[in-house]
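Worksheet: one structure, shown below.
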Amino acid sequence: MKTQLLNEEEISYAAELLRSGEAVGMPTETVYGLACDAGNDDAVRKVFAAKGRPADNPLIVHIADISEWAPLVREIPPLAMRLAEQFWPGPLTIILPRSEKIPAITAGGLDSVGVRLPAHPVAQAMIRAAGVPLAAPSGNRSGSPSPTTSGHMMMDMDGRIPAVVEGGSCACGVESTVIILDDAETVRVLRPGFVTPEQLNEIAGRVIVDEAVLAQPEEGCVVRSPGMKYKHYAPNAQVTLVNGNHQAFLQYMAQQKTQGVMALAFDEDAEDFEKAGIPFRTYGNTDEKRAAAFFGALRDADELGVTHLYVRAPRTDGVGLALYNRLIRAAGYDVVSADETE
């Protein structure tokens with residue numbers, strides 16, 4: 001497997017692989033995706049096999065122009081079009097009833113399909129060169145941290161796919177916001193991302209954040225979006241998400257054993273953690289920066305031999321909601337309140 005450089009020849013090579021039914025690593029502004037021809041059953045099966053992904057977990061379909069959307073769905077309601085015109089190209093996936101052009105296997109057996117138009121120029125170039133919509137879940141082994149660099153993806157997919165296209169580090173660092181329309185004016189957020197409920201509320205009459213965003217879905221339930229049902233994004237290290245302010249988090253960590261333990265803290269926590277001699281790493285000073293950095297930080301923890309990673313929780317508004325959503329799944333819903341331990 002090779003990492004590609006961005007030029008027309010390499011994009012053409014990737015497009016040939018895609019048209020021939022292969023799966024190829026594709027950079028996007030969210031995370032690196034494992035792309036294939038969305039209409040090719042055999043290619044989709046290769047993606048599921050490479051990831052070790054459950055077959056009932058639907059794939060998101062990527063297009064390069066808004067005009068490519070209509071053939072993939074049965075209809076586009078006015079609210080859906082307004083949202084697309086506002087947020088595409090960008091990290092928003094809109095779920096609508098699928099047309100016959102989208103096979104059941106791509107949709108995880110559902111009658112609907114999520115579609116988005118990515119903002120990354122390399123992703124757009126690959127879709128145009130391939131000449132077909134591309135189904136592309138995150139390019140990691142199922143359940144492990146999503147890849148935000150080509151190196152991350154090569155680590156997970158080496159020997160499983162023929163190529164990863166280089167596109168630099170992902171700007172967002174978390175997967176797209178996934179929404180569905182409850183009615184003509186109501187948006188339901190199934191998976192939060194960089195397009196926030198607050199932003200959606202400027203276009204829609206009403207925005208509902210699905211209960212599963214911050215809670216564990218019931219056993220055996222049917223899910224409509226990737227990232228809802230299974231434990232996701234987890235490193236080898238055990239992860240605990242810790243709610244609390246700076247001082248509460250510091251005191252909580254001082255009570256933990258130090259062998260194999262590390263804190264993933266905010267940038268502003270660093271000085272006091274260093275003084276206290278508590279093993280730590282930081283992952284940003286804003287929710288946007290933390291979202292871009294935390295998947296890499298989870299992978300770094302494994303490389304350092306960390307056995308238990310305690311992560312200071314972000315807020316649950318704006319982009320912080322997306323980050324919190326990923327972290328509770330990485331932690332397998334192991335969430336504690338530092339304030340209650342004092």
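Everything numeric here is computed off the predicted structure, so don't read it as measured data. Note that the numbering runs from 1 along the sequence shown for the chain.
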CE/M126 to OG1/T28 distance, rounded to the nearest 0.5 angstrom? 11.0 Å
Considering only NZ, NE, NH1 and NH2 on the basic side and carboxylate oxygens on the acidic side, decide whether R141 and D156 come within less than 4.0 Å. no
Spacing of L79 atom CG and L200 atom CG [to the nearest 0.5 Å]: 9.0 Å
Selection residues 303-322 - residue pairs positive for ring pair (Phe, Tyr, Trp, His ring centres under 6.0 Å), sequence neighbours left out: Y252-Y310, H308-Y310
Tell me, please, which residues at least two apart from N201 pass side chain to side chain donor-acceptor pair (under 3.5 Å). none
Nearest-0.5 Å distance that lies between atom CG in L134 and atom NE2 in H62: 8.5 Å
Quick one: side chain to side chain contact (heavy atoms under 4.5 Å, CB included) partners of E288, sequence neighbours excluded? F194, T286, V319
Could you walk me through whether T30 and R116 pass the side-chain hydrogen bond (donor to acceptor under 3.5 Å, both in side chains) check? CA-CA 12 Å; T30 58; R116 88 175 185 99; 3.3 Å; yes
Gap between atom CG of L117 and atom CD of Q124 - 0.5 Å precision: 6.0 Å
Who pairs with F280 by ring-ring contact (aromatic ring centres under 6.0 Å, His included), at least two apart in sequence or on another chain? F273
Does I60 form a side-chain contact (heavy atoms from CB on, under 4.5 Å) with R191? I'd like the steps, not just the answer. CA-CA 12 Å; I60 291 171; R191 183 180 73 186; 3.6 Å; yes
Minimum heavy-atom distance between F249 and A265, given as atom pair plus value: CE2-CB, 3.9 Å
Full working for side-chain contact (heavy atoms from CB on, under 4.5 Å) between V115 and L96: CA-CA 8 Å; V115 178; L96 293 172; over 6 Å; no
Backbone N or O of M253 within a donor-acceptor pair of the Q256 side chain at under 3.5 Å? no
Under the rule for salt bridge (Lys or Arg N to Asp or Glu O under 4.0 Å), what residues qualify as partners of E85, not counting sequence neighbours? none
Could you walk me through whether R82 and E202 pass salt bridge (charged side-chain N to carboxylate O under 4.0 Å, His left out), step by step? CA-CA 11 Å; R82 293 201 304 273; E202 295 176 3; over 6 Å; no
Taking salt bridge (Lys or Arg N to Asp or Glu O under 4.0 Å) as the definition, give me every residue that meets it alongside D37, ordered by chain and number, with sequence neighbours left out. none
Do NZ/NE/NH1/NH2 and the carboxylate oxygens of D300 and R281 come within less than 4.0 Å? no
Given E198 and V207, is the side-chain contact (heavy atoms from CB on, under 4.5 Å) satisfied, shown in steps? CA-CA 8 Å; E198 294 85 351; V207 176; over 6 Å; no
Do H152 and N140 pair up side chain to side chain, a donor and an acceptor below 3.5 Å, judged on atom types alone? no
Does a donor on one side chain sit under 3.5 Å from an acceptor on the other, for Y324 and N243? yes
Other residues, nucleotides and ligands only: do more than 12 of their heavy atoms fall within 6.0 Å of CD on E211? no
Hey, what do you get for CG (L298) to CZ (R326), rounding to the nearest 0.5 Å? 12.5 Å
Enumerate the ring pair (Phe, Tyr, Trp, His ring centres under 6.0 Å) contacts for residues 71-116, please, sequence neighbours excluded, ordered by first and then second residue. W69-W88
Can you name the closest pair of heavy atoms from A107 and S112 and give their distance? CB-O, 3.2 Å
Let's go through V187 and D182 carefully: what are the C-alpha distance in whole Å and the side-chain angles of both, what is the deciding distance for side-chain contact (heavy atoms from CB on, under 4.5 Å) to 0.1 Å, and is it a yes or a no? CA-CA 6 Å; V187 168; D182 278 6; over 6 Å; no
Approximate separation, where rounding is to 0.5 Å, of L83 CG and L181 CG: 7.0 Å
Pairs touching residues 38-51 that satisfy salt bridge (charged side-chain N to carboxylate O under 4.0 Å, His left out), sequence neighbours left out: E22-K46, D42-R45
Closest approach of I66 and A84, non-hydrogen atoms and distance? CD1-CB, 3.9 Å
Which residues satisfy the side chain to side chain donor-acceptor pair (under 3.5 Å) test with T186, sequence neighbours excluded? D183
Residues passing the salt bridge (Lys or Arg N to Asp or Glu O under 4.0 Å) test with E16, sequence neighbours excluded, are none
Strictly by modelled atom types, are S176 and T93 linked by a side-chain donor-acceptor pair under 3.5 Å? yes
Set of residues satisfying side chain to side chain donor-acceptor pair (under 3.5 Å) with respect to K275, sequence neighbours excluded: E271
Tell me every residue that passes side chain to side chain donor-acceptor pair (under 3.5 Å) with R315, counting only those two or more places apart in sequence or in another chain. D317
Between E100 and R74, is the closest basic N to carboxylate O distance under 4.0 Å? no
Going by distance alone, is a donor N or O of one side chain under 3.5 Å from an acceptor N or O of the other, for S146 and E175? yes
